[in-house]
Amino acid sequence: MDKMPQWADVVLIPLISLLLAAILSALVILAIGENPWAAFKLMVDGALMRSAGWGYTLYYATNFIFTGLAVAVAFHARLFNIGGEGQAMLGGLGVALVCLYIPWPHWSLALLGASVGAALFGALWALIPAYLQAKRGSHIVITTIMFNFIAAALLNYVLVNLLRPVGAMDPATAKFPEATHLPTFRDMFSTADTIMFRGAPANVTFFLALIACLVVWLLIWRTRLGYEIRAFGHSESAAKYAGISPVKITVIAMLISGALAGMMSVNTTMGESERLILNSTEGAGFIGIAVALMGRSHPFGVLLAALLFGFLYQGGAELALWTTIPRELIVVIQALVILFTGALDNMVRMPLEKLFLALRKGDA
């Protein structure tokens with residue numbers, strides 16, 4: 001018998017962890033001489049109470065959905081993919097090549113092509129660490145971390161020496177052709193009388209991220225491959241006994257994970273910048289780890305956690321603009337969320353398990 005109901009594990013523990021992180025964050029805000037309640041109201045107003053704020057919140061959330069799903073798929077195979085940042089960088093290169101060198105007649109076709117390019121480059125960048133783990137025993141955490149640095153150096157070289165337009169100073173590609181520009185939320189939801197999402201970078205890629213959530217759910221819980229990934233993650237020895245190849249599952253899970261991380265760049269490179277620039281990932285690959293942890297590696301949980309972190313990012317920008325609270329405080333809040341939902345998970349889990357066991361005994 002489970003010590004705790006499934007709903008408590010999926011909903012209650014993350015909520016309590018979030019509450020503890022919020023309390024500690026409030027103490028930090030108090031310590032620097034600001035009002036925590038006023039800061040929270042400012043964050044809510046700037047991130048949720050105006051369409052422009054929602055536009056930025058959903059833009060950031062789109063990035064975190066892709067990287068969170070990437071980490072979640074790897075988690076199900078008991079693999080810790082910390083290379084989402086590098087895979088997203090190389091995914092951006094795939095997007096740029098597809099948009100610059102293929103004459104697309106319409107943005108919808110360009111979106112499909114860019115998604116394939118981003119997924120392919122992200123997957124290929126995850127392939128080498130996957131092979132080293134599966135065949136050579138090299139730890140996936142070490143190799144994926146190192147590949148982040150290699151990706152950054154490689155992208156810098158490509159942008160400066162190969163793709164930079166003649167006479168340009170920025171390490172960036174040329175602007176993508178007009179036919180590849182994606183509809184923004186302002187284009188999609190504004191009317192002649194009312195302008196919505198003014199200046200916000202949210203675009204149609206958000207709906208691609210929602211589709212990715214559905215596809216990952218179907219893959220993990222409704223396909224044979226998903227069953228094999230989960231079986232391998234629960235017990236490698238039992239999976240081998242059942243005829244599941246550890247090498248095959250390790251490589252396939254990492255390819256899917258890398259492809260999802262790479263697809264994040266469709267939002268940043270094609271949707272927002274409309275060209276490939278350095279540092280477009282802005283740490284989203286690492287935030288994906290926290291999103292996957294908080295979302296319990298379930299696509300719906302990842303979606304909710306991504307929205308939370310999107311709110312924190314946009315709310316943090318409002319705090320930095322209108323108060324003396326530095327934007328780096330949001331990094332502190334993110335770290336506290338990661339701390340409680342990951343490293344200190346048992347601090348919340350164990351008392352709850354004892355509580356539910358006591359309640360069961362009382363009912364018996």
Side-chain angles (χ1 to χ4, degrees), residues 14-68 84-85 88 184-186 195-203 206 209 264 267-268 271-273 277 279-295 301-344:
L15 281 179
I16 294 174
S17 299
L18 183 61
L19 181 62
L20 291 173
I23 291 171
L24 284 181
S25 301
L27 293 176
V28 173
I29 293 173
L30 273 176
I32 62 176
E34 291 281 351
N35 183 336
W37 181 245
F40 176 72
K41 283 180 22 178
L42 183 61
M43 290 178 70
V44 170
D45 182 63
L48 303 178
M49 302 308 290
R50 299 189 299 270
S51 64
W54 263 110
Y56 277 96
T57 297
L58 293 178
Y59 168 76
Y60 294 128
T62 303
N63 296 335
F64 303 149
I65 289 171
F66 281 118
T67 56
E85 190 81 356
T184 64
F185 276 19
R186 175 172 176 167
I195 302 298
M196 301 284 288
F197 300 100
R198 188 187 302 273
N203 59 81
F206 175 71
M264 186 213 89
N267 187 45
T268 56
E272 197 264 334
S273 300
I277 61 175
N279 303 320
S280 62
T281 53
E282 295 183 337
F286 298 113
I287 298 299
I289 300 169
V291 169
L293 284 170
M294 191 163 192
V302 166
L303 171 61
L304 295 181
L307 290 171
L308 169 67
F309 276 87
F311 161 75
L312 289 176
Y313 255 60
Q314 175 55 18
E318 294 290 325
L319 287 183
L321 186 62
W322 299 111
T323 71
T324 59
I325 299 173
R327 188 166 185 176
E328 286 73 20
L329 178 66
I330 300 305
V331 179
V332 174
I333 297 174
Q334 291 166 1
L336 289 171
V337 171
I338 295 169
L339 184 68
F340 282 107
T341 57
L344 298 181

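In this text the structure is predicted, and so the values were computed from the model without any measurement. Throughout, residue positions are numbered sequentially from 1 according to the sequence presented.
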**Q.** Any Tyr59 side-chain heavy atom under 4.5 Å of Thr268 side chain
**A.** yes
Q. Excluding sequence neighbours, so at least two apart, what forms side-chain hydrogen bond (donor to acceptor under 3.5 Å, both in side chains) with Glu272?
A. none
(Q) Working to the nearest 0.5 angstrom, can you tell me the gap between Ile65 CD1 and Leu304 CG? (A) 9.5 Å
Q: Drop me the distance from Leu24's CG to Ile29's CD1, to the nearest 0.5 angstrom.
A: 11.5 Å
Q | Leu336 versus Ser25, closest heavy-atom pair with distance | A | CD1-OG, 3.5 Å
Q: Would you list the pairs meeting side chain to side chain donor-acceptor pair (under 3.5 Å) in which at least one residue belongs to residues 280-293, sequence neighbours left out?
A: Glu85-Thr281
Q: Quick one: pull up CD1 in Ile23 and CG in Leu18 and give me the separation to the nearest 0.5 Å.
A: 10.0 Å
Q) Does a side-chain heavy-atom distance below 4.5 Å link Phe185 with Trp54? A) no
Q) Sequence neighbours excluded, which residues qualify as ring-ring contact (aromatic ring centres under 6.0 Å, His included) partners of Tyr313? A) Tyr60, Phe64
Q: Could I get the full list of side-chain hydrogen bond (donor to acceptor under 3.5 Å, both in side chains) partners for Asn267, not counting sequence neighbours?
A: Asn63, Asn203
Q | Atom of Gly53, atom of Gln314 and distance for their closest heavy-atom approach | A | O-CG, 3.8 Å
Q: Determine the minimum heavy-atom distance between Ala209 and Thr62, stating which atoms define it.
A: CB-CG2, 4.0 Å
Q) What distance do Leu312 atom CG and Leu307 atom CG have between them, rounded to the nearest 0.5 Å? A) 11.0 Å
Q. Measuring from Leu58:CG to Phe206:CZ, what's the distance to the nearest 0.5 Å?
A. 5.0 Å
Residues 37-52, side-chain donor-acceptor partners within the protein, below 3.5 Å, at least two apart:
residue: Asp45; atom: OD2; partner: Arg50; partner atom: NH1; Å: 3.1
residue: Ser51; atom: OG; partner: Phe197; partner atom: N; Å: 2.9

Q. With sequence neighbours excluded, what pairs up with Thr184 under the side-chain hydrogen bond (donor to acceptor under 3.5 Å, both in side chains) test?
A. Asp187
Q: Look up atom CD1 in Ile289 and atom CE in Met294, then write down how far apart they are to the nearest 0.5 Å.
A: 15.5 Å
Q: Measure across Pro36 and Ala26 and return the closest heavy-atom pair with its distance rounded to 0.1 Å.
A: CG-O, 3.5 Å
Q: Taking all heavy atoms of Gly295 and all of Ala305, pick out the closest pair and write down the distance.
A: N-CB, 4.2 Å
Q: State, to 0.1 Å, how close Ala200 and Gly55 come at their nearest heavy-atom pair, and which atoms those are.
A: CB-CA, 3.5 Å
